[in-house]
Amino acid sequence: MSAALSTARLADRHGRVARDLRVSVTDRCNLRCRYCMPAEGLPWLAKPEMLTDDELVRLVGIFVTLGVQQVRLTGGEPLLRRSLPDLVARIAGLEPRPRIAMTTNGIGLDRLAGPLAEAGLDRVNVSLDTVDPVEFADLTRRDRLHDVEAGLAAARAVGLTPVKVNAVAMRGINDHSVADLLAWCLERGYELRFIEQMPLDAQHGWDASSMVSADELRERLSERFTITPLPAADRGSAPAERFLVDGGPATVGIIASVTAPFCGACDRTRLTADGQVRNCLFSQRETDLRGPMRDGASDDELADLITGEMWRKARGHGIGSEDFVQPLRPMSAIGG
Ligand code: SAM
């Protein structure tokens, strides 16, 4: 690999440098969360459109050479990719070895947590929006709460810690039970983080006026717990504002991605399951790596495409501005 490639960094014109790569390993999912996709699912990518394991590992390797230090596997539902343990092992074999995390709905993690940890997975975030079985089935349109609970327990048992739980509150579905979810996580030692619902659903049903805001979440949690903000200086590029619960040491995080965006501290870049690099969840454009790679592009040429796309990263996502347009691809196809 050339000197130019090894010294290049994933910088943008606003002074940020990407170090965290989100890799979507599939766009398919076995849940149908209302804030994400319609009941009937979506037209999934055909196999030839998706990166093979060799292609994916090659591209992740180039990102690592360009300065990526953490790789987060996501989707769609990453556990649906059969080769996942092998992919993790191959990413763990890259030099310098990136930290490897995964965002998952937890279904199947009871079986896969052990093999994934052995392969080199370091940490896991499990998405769980409610522990009420009726609310869970309503929100995800699937009756799989027990599978998620089993997956979480397995992740903790094999040391994929700290086990984090990601939750989205939807008005009229689970917004009244957010304190129950926190109590449940505290009892089990899971670190809970709420994320404001973003306009990334395939059916374009997001509505700012009905979104449950970070302020409202905080109020609802405060009805049951004493919530004290941790100093902002402890936050770094982490998107969650963290709060001590009942004096600590347990904490809860709230990610105000819409009402208080953290774009200025963003250190993320993204690779989709079909080999497009995206500099932001909300970007209107992406750069194709799969085509050039299949046409024989060298690592240096692919690195140039990646650094060019990162340089164009916008200052902010622009939700709330008059000219905001939701990206064409939904969250599940980009990689959440
Ligand atoms: N299937 C995996 C999972 O459930 O974690 C990974 C992909 S999923 C798209 C990643 C995360 O995005 C989940 O925590 C999910 O709750 C969140 N998510 C999906 N759509 C969202 C939206 N419109 N706003 C905020 N978060 C969303």
Side-chain angles (χ1 to χ4, degrees), residues 33-36 103 105 123-132 134-136 138-140 145 148 152 162-201 205-268 281-282 316-321 324 331 336:
C33 301
R34 290 177 186 276
Y35 49 73
C36 195
T103 301
N105 63 27
R123 286 194 307 105
V124 72
N125 288 45
V126 177
S127 303
L128 174 63
D129 306 315
T130 174
V131 285
D132 177 306
V134 175
E135 286 178 9
F136 183 93
D138 184 10
L139 199 150
T140 66
L145 177 59
V148 182
L152 274 161
V163 175
K164 294 191 180 174
V165 170
N166 290 358
V168 176
M170 282 194 88
R171 193 167 305 288
I173 301 185
N174 63 332
D175 54 334
H176 288 278
S177 62
V178 292
D180 294 338
L181 179 60
L182 177 55
W184 188 90
C185 288
L186 291 174
E187 270 169 32
R188 291 159 181 78
Y190 305 143
E191 239 181 88
L192 176 62
R193 297 139 29 105
F194 289 96
I195 307 169
E196 282 178 342
Q197 188 186 346
M198 296 180 281
L200 286 168
D201 54 315
W206 182 87
D207 171 17
S209 60
S210 68
M211 183 195 78
V212 181
S213 70
D215 285 349
E216 186 178 340
L217 279 165
R218 196 173 154 174
E219 275 167 34
R220 285 194 183 273
L221 296 175
S222 300
E223 289 165 8
R224 176 119 44 111
F225 302 95
T226 304
I227 302 289
T228 326
L230 280 165
D234 294 354
R235 191 164 162 186
S237 62
E241 182 176 9
R242 287 170 67 222
F243 301 86
L244 283 179
V245 182
D246 291 341
T251 59
V252 62
I254 303 184
I255 305 179
S257 29
V258 176
T259 58
F262 48 93
C263 303
C266 180
D267 66 351
R268 296 178 184 176
L281 264 178
F282 293 95
H317 60 42
I319 303 173
S321 70
F324 175 75
M331 178 83 129

With rounding to the nearest 0.5 Å, note down the distance linking [atom1] in [X] to [atom2] in [Y].
X	Y	atom1	atom2	value
T251	E241	OG1	CD	12.0 Å
L221	L217	CG	CG	6.0 Å
R171	S210	CZ	OG	6.5 Å
Q197	W206	CD	CH2	8.5 Å
N166	N125	CG	CG	4.5 Å
T228	L244	OG1	CG	5.5 Å

Backbone N or O of S257 within a donor-acceptor pair of the H317 side chain at under 3.5 Å?
-> yes

Can you list the residues that meet the ring-ring contact (aromatic ring centres under 6.0 Å, His included) rule with Y35, with sequence neighbours excluded?
-> none

Taking R34 as the fixed residue, which of T140, D138, D129 is the one that meets the side chain to side chain donor-acceptor pair (under 3.5 Å) rule?
->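 With R34 as partner, T140, D138, D129 yield a single side chain to side chain donor-acceptor pair (under 3.5 Å), made by D138.
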
Evaluate the side-chain proximity of [Y] to [X]: yes if any heavy-atom separation is below 4.5 Å, no if none is.
X	Y	answer
R193	I254	no
L128	L145	yes
H176	R220	yes
V163	L152	yes
C33	L139	yes
F194	L181	yes
I255	F262	yes
F225	V245	yes

Does the side-chain contact (heavy atoms from CB on, under 4.5 Å) test come out yes or no for R224 and D180, once each step is laid out?
-> CA-CA 9 Å; R224 176 119 44 111; D180 294 338; 2.4 Å; yes

Assess the side chains of S213 and D215: does a donor N or O sit below 3.5 Å from an acceptor N or O?
-> no

Do L200 and F282 pass the side-chain contact (heavy atoms from CB on, under 4.5 Å) test, and can you show the C-alpha distance, the side-chain angles, and the key distance before you say yes or no?
-> CA-CA 8 Å; L200 286 168; F282 293 95; 3.8 Å; yes

Evaluate the criterion side-chain hydrogen bond (donor to acceptor under 3.5 Å, both in side chains) for residue pair D132 and T130; output intermediate values, then yes/no.
-> CA-CA 5 Å; D132 177 306; T130 174; 5.3 Å; no

Which heavy atom of A240 sits nearest a heavy atom of G253, and at what distance?
->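 Answer, listing the atom of A240 first, then G253: CB-CA, 4.2 Å.
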
Of the non-hydrogen atoms in I227 and S222, which two are nearest, and what is the gap between them?
-> CG1-OG, 3.9 Å

Answer yes or no: is there an ion pair linking E191 with R123, defined by an N-O contact shorter than 4.0 Å?
-> no

Where do T259 and E196 land on the side-chain contact (heavy atoms from CB on, under 4.5 Å) test, with the steps shown first?
-> CA-CA 8 Å; T259 58; E196 282 178 342; 2.6 Å; yes

Using the side-chain contact (heavy atoms from CB on, under 4.5 Å) rule, take V258 and M198 through it: C-alpha gap first, then chi angles, then the decisive distance, then the call.
-> CA-CA 7 Å; V258 176; M198 296 180 281; 4.0 Å; yes

